[in-house]
2 protein chains.
Amino acid sequence: MSTPNSYSGPYLAEIAHLMGDPARANMLHALMDGRALTAKELAWLAGVAPQTASGHLAKLMQGGLLAVAAQGRHRYYRLAGPEVAQALEGLMVLANREGSGRRLPSRVGAELSFARTCYDHFAGKLGIAIHDALMAGGHLAVSEGGYALTASGKAIFVALGVDPDQSGRSRRAALRPCLDWSERRPHLAGHLAAALACRCFEMGWTRRRKDSRAVTLTGEGRSVLEAALPGFRCDAPEPAVTPSRREPAPAPA
Amino acid sequence: MSTPNSYSGPYLAEIAHLMGDPARANMLHALMDGRALTAKELAWLAGVAPQTASGHLAKLMQGGLLAVAAQGRHRYYRLAGPEVAQALEGLMVLANREGSGRRLPSRVGAELSFARTCYDHFAGKLGIAIHDALMAGGHLAVSEGGYALTASGKAIFVALGVDPDQSGRSRRAALRPCLDWSERRPHLAGHLAAALACRCFEMGWTRRRKDSRAVTLTGEGRSVLEAALPGFRCDAPEPAVTPSRREPAPAPA
DNA sequence: TCGATGCTACGGCCGTCACCGTAGCGTCCC
DNA sequence: GGGACGCTACGGTGACGGCCGTAGCATCGA
């Protein structure tokens, strides 16, 4: 009764509080590539014991941030939906602003900002290159709550092996812009973008890096995209020596 | 060294932790209408003593979420930028999902979801109505990272008394979609949207409600918008008895 | 000049919660 | 079946941090 204007403040605080713990934030960050991970993997990634991780995961579940799929004796956790990933991206934009003083370490930052998965689609320089090439070519049109493909845009998706008319859940836009936290420019999200990313992994045009959201564009992938997408241009990533960081677990003191 | 994949996790946690305290969340929520408020006002809105609020504000400043303008013996705090508002909106989307069980109280929710300011532009049913009318009429086109006005769109802005070619900071898109947390559909953000909102308040087409982000569309405003924007349609808000909630401060026990 | 006001700095109190120990339940492999 | 493995439930410990007291500095008005 003492806080007349705090309509959603408490709810907002509840969600933010869930994300505000380092261990939980690490887990959420790791899940932002859209994959589903087991509790043990998440525990290791977060740097805590499995018991602790279990508690965190239960809290995240109760808060509606995660979904779980039980499979045998494993439980695979994933983000509850694209809104969660989008909210996290919004926070990443803040966390990586120049003003805040904290930036990604340059090596790692270069890999991640070249190409990575953002929930289920491409982000980074690669995602933006795709977005820009489609836009510059007039293959995108404004639509209900996002983008729609023009006829020429649909032809491009067909050429890449993605059915542009597969209407997933009709509520969500097939294509929409998503602000990129590393480049501060939009890339393509939505289930068509996800289908395109999926196709790229299937065909070996892109590959996931181990233990990272970073993505590698293969030589074949570059050729395919340049052929199908007039104007597509994406600077090569530096070869980036594999850091071979492979400490299995923090040695218990 | 024990968390190989947590590149931005800690930074993300830091930002989220700042937003995760109820008092701070209330402050941020109150500032989401883009206005600048004094420390005392924010203390009252957050339901804490001024000393406590001062500490919170210092933390939010250090985290880069707020900016301050000293004016005499008052210090006016406001959000540091649109990115902050956007990140908060992203969290609100999560906080107000059906699944979470917590929704806005219906009375208040109805007022806020009809029309409100979102940092510096209109959101809610009003914001969406403007967005939809412009889109349906073909007045928007996809542009570099957002929307651009077509010739007919520019004419509409001119008719409303807003210069569509005022290029603010050229880095930011003049118009871009912004997901609405109450309606789950996009409304218009960007500095042209802000200019339009500003014009509406100046001309008395809309009015702010006291102690709330809610906005009222006046009869004149409705006429003006319907005349200038073919297809504009915005259901009337329920008259909504003014709750006259006016407890000056929580009685100290 | 003096008092009132807005805001911030410091100190002590106390609640909340992250953490990991042990223990228990369900599942897979041999 | 027996054992190993994945995960969760519970309890105690410790620390971080929110809270408000008093005190101090800057500004405005008379």
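Since the structure is predicted, the reported quantities are computational estimates derived from the model, not experimental observations. Here is how names work: the chains are called A, B, and so on, in the same order as the sequence lines, proteins then strands, and each is numbered from 1.
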task: On DNA chain C, reading 5' to 3', which nucleotide is the first and which the last to sit with an atom under 4.0 Å from a heavy atom of chain B, could you check?
output: C:dA4 to C:dA9
- request: Take atom NE2 of B:H56 and atom C1' of D:dC20, then tell me their distance rounded to the nearest Å.
  value: 11 Å
query: Got a second to check how far B:H17's NE2 is from A:H17's NE2, nearest 0.5 Å?
result: 8.0 Å
- line: When rounded to the nearest 0.5 Å, the distance separating CG of A:N26 from CG of A:L45 is 8.0 Å
- request: Could you tell me the separation between the CG atom of A:L57 and the P atom of D:dT8, rounded to a whole number of Å?
  value: 7 Å
task: Grab the CG-P distance between A:L37 and D:dC7 for me, whole Å please.
output: 11 Å
query: Passes side-chain contact (heavy atoms from CB on, under 4.5 Å), A:Q86 versus B:V93? Steps please.
result: CA-CA 10 Å; A:Q86 200 169 353; B:V93 171; over 6 Å; no
message: How long is the straight-line distance from CD1 of B:I128 back to NE2 of B:H187, given to the nearest 0.5 Å?
response: 7.5 Å
task: With rounding to the nearest 0.5 Å, note down the distance linking CG in B:L37 to CG in B:L66.
output: 10.5 Å
message: Between A:R75 and D:dT8, is there a contact of a side-chain N or O with OP1 or OP2 at under 4.0 Å?
response: yes
query: A:K40 has an atom NZ; how far is it from atom C1' of D:dA4, in whole Å?
result: 11 Å
statement: Taken to the nearest 0.5 Å, the spacing of A:H56 NE2 from A:D21 CG works out to 4.5 Å
query: Between D:dG17 atom P and B:Q62 atom CD, what is the distance in whole Å?
result: 12 Å
message: Counting the atoms with a prime plus P, OP1 and OP2 as sugar-phosphate, which does B:Y76 contact under 4.0 Å by heavy atoms, base, sugar-phosphate, or nothing?
response: nothing
query: What integer distance in Å separates B:Q51:CD from D:dA23:C1'?
result: 11 Å
- prompt: Expressed in angstrom and rounded to an integer, what is the separation of B:K59 atom NZ from D:dG17 atom P?
  reply: 8 Å
statement: Between A:A58 and A:H74, the residue closer to the 5' end of DNA chain D by nearest nucleotide is A:H74
